[in-house]
Number of protein chains: 2
Amino acid sequence: MAHVKHQKWWGWGEEGVFFNYENKPAFAPFVKEAIGVTLRPRERDTVDFSTANVPASKAPDSVLELLREINGADNVSTDDELRVIHWAGKSVLELLQTLRNDFHRIPDVVVYPGTEDEVTALMRAAVEYDLVLIPFGGGSSISRSLQPDPAEERCIVSVDLGRLNKVLEIDETSGLATIQAGVLGPDMEEQLNARGWTLGHFPDSFTYSTLGGWAATRSSGMQSDKYGDIADIIRGLRMVRATGTVVLRPLPSTSTGPSLREMIIGSEGRLGIITELSVHVHRLPEKHQVIAYMYPTWQQALTAVRQFTEAEIPLAFARVSDAHETAFSLATQKAPTSPKSKLAAKGQDALWAVMRKRGWDTDDMCISYVCFEGSPKDVESRKKAVAGIAKKNGAIVLGSGPGALYDQKKFDTPYLRDFLLEQNTVGDVSETAAPWSKLTTVHKAVYDAAERAYASLGKKGWIMSHMSHSYHSGACLYFTFGYVYDDENPYDEYHTVKSAIQQAFIDNGGTLSHHHGVGLEHQPWMEQDISPEGANIMRALFSSTDPGNNLNPGKVVS
Amino acid sequence: MAHVKHQKWWGWGEEGVFFNYENKPAFAPFVKEAIGVTLRPRERDTVDFSTANVPASKAPDSVLELLREINGADNVSTDDELRVIHWAGKSVLELLQTLRNDFHRIPDVVVYPGTEDEVTALMRAAVEYDLVLIPFGGGSSISRSLQPDPAEERCIVSVDLGRLNKVLEIDETSGLATIQAGVLGPDMEEQLNARGWTLGHFPDSFTYSTLGGWAATRSSGMQSDKYGDIADIIRGLRMVRATGTVVLRPLPSTSTGPSLREMIIGSEGRLGIITELSVHVHRLPEKHQVIAYMYPTWQQALTAVRQFTEAEIPLAFARVSDAHETAFSLATQKAPTSPKSKLAAKGQDALWAVMRKRGWDTDDMCISYVCFEGSPKDVESRKKAVAGIAKKNGAIVLGSGPGALYDQKKFDTPYLRDFLLEQNTVGDVSETAAPWSKLTTVHKAVYDAAERAYASLGKKGWIMSHMSHSYHSGACLYFTFGYVYDDENPYDEYHTVKSAIQQAFIDNGGTLSHHHGVGLEHQPWMEQDISPEGANIMRALFSSTDPGNNLNPGKVVS
């Protein structure tokens, strides 16, 4: 279908790529200790689609005919597997629903428009024939921004933007590129890199998410400390509506009233379909290096990162794992096989000895990665400045070896979820942002809330965290949680754990999500986050601009 | 009335403060040459309020009674001078209208709420009794964001927030302060400075503008390169509406759908009244220094500033005057009287000789100011990096003497307008932002448009410009224009010149305003700036959240 790349219908990423633990000797014992599971080698190479019990398409022939007229017959499909691929994102909840055939309501038809005019025609058709349009990028959402309302009776059209995948123009003087919304991360970077440029936006989902998806859900990337969140990167855009196309020309800054750009970013398809974006691009850096540091405690590591921002040291990122995540990272190290890695392993043993000698409790220590980009000279002077602050806060510099390792495997984590699900184990994530003064409280409260949730379910659960992005006034905390799920009632217990974590964010000064968006998943916390009156304004915006409720209804606010 | 500080009813700033040219020997010849006016010494020390022909208040007694109940009798006034002070901002057009008694419609009553509850009661009264509420900060708007609709028949209430003037809290760990919206710039900085902090937001209007006003109109300050535009500085806020208060807690970043924060910033009172803000604050810098540079041409100066941003050198600002503005600056130098200033004047003569020897056309040269803040060590290393790039682009470093001079007189410019008006001369400003690749085109197009407008009016006019703020992808160009106005028809000819400049912005890739907001003044270009469909969304937002059209009606979009 239309040469658009799709993920596995039943899991993350592409068929044939998996998480493996056989070459990581510490991993199985770690998991056993953490949540009581004895890991089995992976058996699930794929899941045969014939096991899926797919609801039939409800698209009337007249609608299908119209859609074929608009997009061409080749770009309209009621194929069951395609409809299932487009029904949801890849949160654990959605993966569980998919594997268990709990599809309730899925798109009736998938369309692949190839031009903005086709998108306009789709929008007009939606209003005229009362269709529901759900825009689709890479399908990597973990906030249920794609799932239709189970009670939806109208014909649901998934609008896959995968054919709009070109870098159209680079303004090299301004560092601005015009790019179509449906391009996947790697395809976009390839086109930019070929001309010496980069967007610098690398979310965990990078390989299976799109520029338009990042815009529609307010994404951040691993290197957003340097390149900015997607809202900073986007300077202009085109968004198609039935009544016309919103055109925002690329502007470095403007005072034209309420920011329409910032209304459209994060709108998750409720205001229209974004087809094109003008974005900041940067020359590929001469040098890119990740250095690892080990801190004796979480608090010292956080203080160090805050001091990097106070000292205005330009960094691509500064990330800190808490003690639990540090232990997890160490447990995922591969067994040393080459002479070089054997030497590194010996070095690590020696390092542990040093730390103990310094009086560290190795259960408390926290690994941190800092990424430097720029000229070799700039990288050196920034490394020196960072090392100075790190050491003042008790850190030991581990160097570029572990840093490079982090850099190589950074996009592999999502595959772990599918591996764990096969073992009846949930491994999922939830993240927030809060002011510096509240980070320790939020962190502790989330641990406590998760533990209470696990206890209420009679489970041994795991939780770990890292600080992923930092700002003048605060930072993002990213949590990963895991437990063995109950085949009888996996959804309620998932909600128990997830909700406990979300509520702890809100109750302690954090937001419901720093960069995963709202969708259906985080909607219950919207009134607590932006206040009931704030949610009223949001509802007024959506209902006045989409009176027929045709545009991804129910997302963000109900 | 309520101890709230007000500006002159007939001009900028406080009574007794004026622009003087007698001590600036080059100024009068310069003005004669530029626009053909022979300057006379200032005669207007003040304007007697009895000369004003003020429309009577239309506030019904029942409304006045209600307002007195809400705000207390001391905080409700129908005094003519107060109503005139609150009827408009300080654009040349508004000053002309005021001096010429062209008041058409002015507020019927001015209220000074002292608490958020009082603001809530006002909002409810507005809905219940169909009143028009226009929030008022320092009255420094130059976009006509305060002027009522001349055809407004309902009772108009100016809500002066001047009593809400406290810094409530500083979170020293997060660099966040909670501050009431009605505080004037200097009063706020005094409260922050006393504890070692600064907001770092210094618009030209600083002395007579408020934090809430900056928020409501999307302000930028002279040092926004470092501290960010007001939209970057504001992390949370409280906005009162009749149906409830929008509460946005301070968050470093969030992905809660369309940004409500960015909808409220710039809303110019149309969504509600902002009472409190959570904002970034910074420790007062150890060192603050402004260095001046002279470039042979405008193009070389712009290239240098762009290269500062590419090199990621942290600067408080980097500002460049074009050749016309450089000539103007030199013409406003005081006559040397002290031995030190006489020496400086001799140095300047020597410098001119050097420049001519280098082959510069002194008519083309452009002065630039760069502001450095940080530790003495950081300031030194950044100065070195900036000097390197400046020199590569042909600049001569003039040093800190002229830089300090710039820093001292930076808030004095607005007084010049009143002086010129007395001489039947308009001096006003208009500003835009555009991508780097378009700056030269915009600059030239604005000069051409102004010249054409002057020619069409049979006038000798003046235009000059500086680049005031820079970003990754572009910069703000700030234009000042002047001409002798015709007493018969001053408004039409003002619109001819101003409109020509605004249209040149839009036609060449610039925005209608980088930081002055929209109001009524820039509204005619909104559809061209954010596209007709974008303006439709904006209208839908306002009409759905303010169905009675009670909140500063007609501003931003009609």
Side-chain angles (χ1 to χ4, degrees), chain A residues 171 173-176 217-218 229 235 241 243-260 262-263 266-268 271 280 312 314 433 435-437 471-475 509 511-518 526 529-534 536-538 540-541 544-545 556, chain B residues 171 173-176 217-218 229 235 241 243-260 262-263 266-268 271 280 312 314 433 435-437 471-475 509 511-518 526 529-534 536-538 540-541 544-545 556:
Chain A
D171 171 349
T173 308
S174 309
L176 280 169
T217 58
R218 288 200 169 268
D229 295 333
R235 292 291 104 198
R241 293 169 44 77
T243 40
T245 296
V246 176
V247 182
L248 299 178
R249 301 158 309 146
L251 292 168
S253 186
T254 176
S255 61
T256 43
S259 172
L260 199 58
E262 288 271 10
M263 277 186 230
S267 59
E268 302 191 9
L271 293 174
H280 282 176
E312 299 179 89
W436 289 112
S437 62
Y471 301 85
H472 171 77
S473 59
T511 180
L512 60 78
S513 168
H514 165 266
H515 62 265
H516 285 159
V518 186
M526 274 297 272
D529 197 316
I530 65 169
S531 75
E533 188 63 13
N536 283 342
I537 293 182
M538 200 83 92
L541 173 69
S544 60
T545 54
V556 185
Chain B
D171 171 350
T173 308
S174 309
L176 279 170
T217 58
R218 287 199 169 271
D229 295 333
R235 292 292 105 199
R241 292 169 45 76
T243 39
T245 296
V246 176
V247 182
L248 298 178
R249 303 159 306 147
L251 292 169
S253 185
T254 176
S255 61
T256 43
S259 173
L260 199 57
E262 289 270 12
M263 276 186 230
S267 58
E268 301 190 9
L271 294 173
H280 282 177
E312 298 178 270
W436 290 112
S437 62
Y471 301 86
H472 170 78
S473 60
T511 180
L512 58 79
S513 168
H514 166 264
H515 62 265
H516 285 159
V518 187
M526 275 297 275
D529 197 316
I530 65 169
S531 75
E533 188 63 14
N536 283 341
I537 293 181
M538 202 83 93
L541 173 67
S544 61
T545 54
V556 184

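Letters A, B, ... mirror the listed sequences (proteins, then strands); counts begin at 1.
- The parts of A/S267 that come within reach of chain B are both its backbone and its side chain, each placing non-hydrogen atoms under 4.5 angstrom from that chain.
- A search for salt bridge (Lys or Arg N to Asp or Glu O under 4.0 Å) contacts involving A/D229 returns nothing, not counting sequence neighbours.
- For A/V556, the part sitting under 4.5 Å from any heavy atom of chain B is the side chain, from C-beta outward, and nothing else.
- If you measure heavy-atom distances from B/I530 to chain A, the contacts under 4.5 Å come from both the backbone and the side chain.
- Side-chain contact check for A/D529 and B/T256: no donor-acceptor pair (N or O, by modelled atom type) lies under 3.5 Å.
- A/S437 places no side-chain N or O within donor-acceptor distance of the main-chain N or O of B/T173, the cut-off being under 3.5 Å.
- Taking B/G474, B/S259, B/P250 one by one and counting their heavy-atom pairs under 4.5 Å with chain A, the maximum is reached by B/S259.
- Listed here is the closest heavy atom pair of B/P252 and A/A433: CG-CB, 3.9 Å.
- Remark: the backbone N or O of B/G175 is not paired with any side-chain donor or acceptor of A/S473 at under 3.5 angstrom.
- For the pair B/T254 and A/S513, the tightest heavy-atom approach, listed with the atom from each and the gap, is OG1-O, 3.5 Å.
- When each of B/T545, B/L251, B/V518 is scored by its heavy-atom pairs under 4.5 Å with chain A, the top score falls to B/L251.
- Contacts with chain A were tallied for B/T243, B/L512, B/D171, B/T245; B/T243 has the most, counting heavy-atom pairs under 4.5 Å.
- In terms of heavy-atom pairs under 4.5 Å with chain B, the best-connected choice from A/E312, A/E268, A/H280 is A/H280.
- Ranked by heavy-atom pairs shorter than 4.5 Å toward chain A, the options B/H472, B/H514, B/H515 are led by B/H472.
- The side-chain heavy atoms of B/I537 and A/L541, taken from C-beta on, include a pair separated by under 4.5 Å.
- Both the backbone and the side chain of A/M263 come within contact range of chain B, judged by heavy atoms closer than 4.5 Å.
- The candidate with the highest count of non-hydrogen atom pairs below 4.5 Å against chain B, out of A/S544, A/P314, A/G509, is A/S544.
- With sequence neighbours excluded, the residues forming a salt bridge (Lys or Arg N to Asp or Glu O under 4.0 Å) with A/R218 are A/E262, listed by chain and number.
- Across B/V246 and A/E533, no two heavy atoms sit closer than the pair CG2-CG, 3.7 Å.
- Considering only heavy-atom pairs separated by less than 4.5 Å from chain A, the leading option among B/G266, B/S174, B/S531, B/G244 is B/S174.
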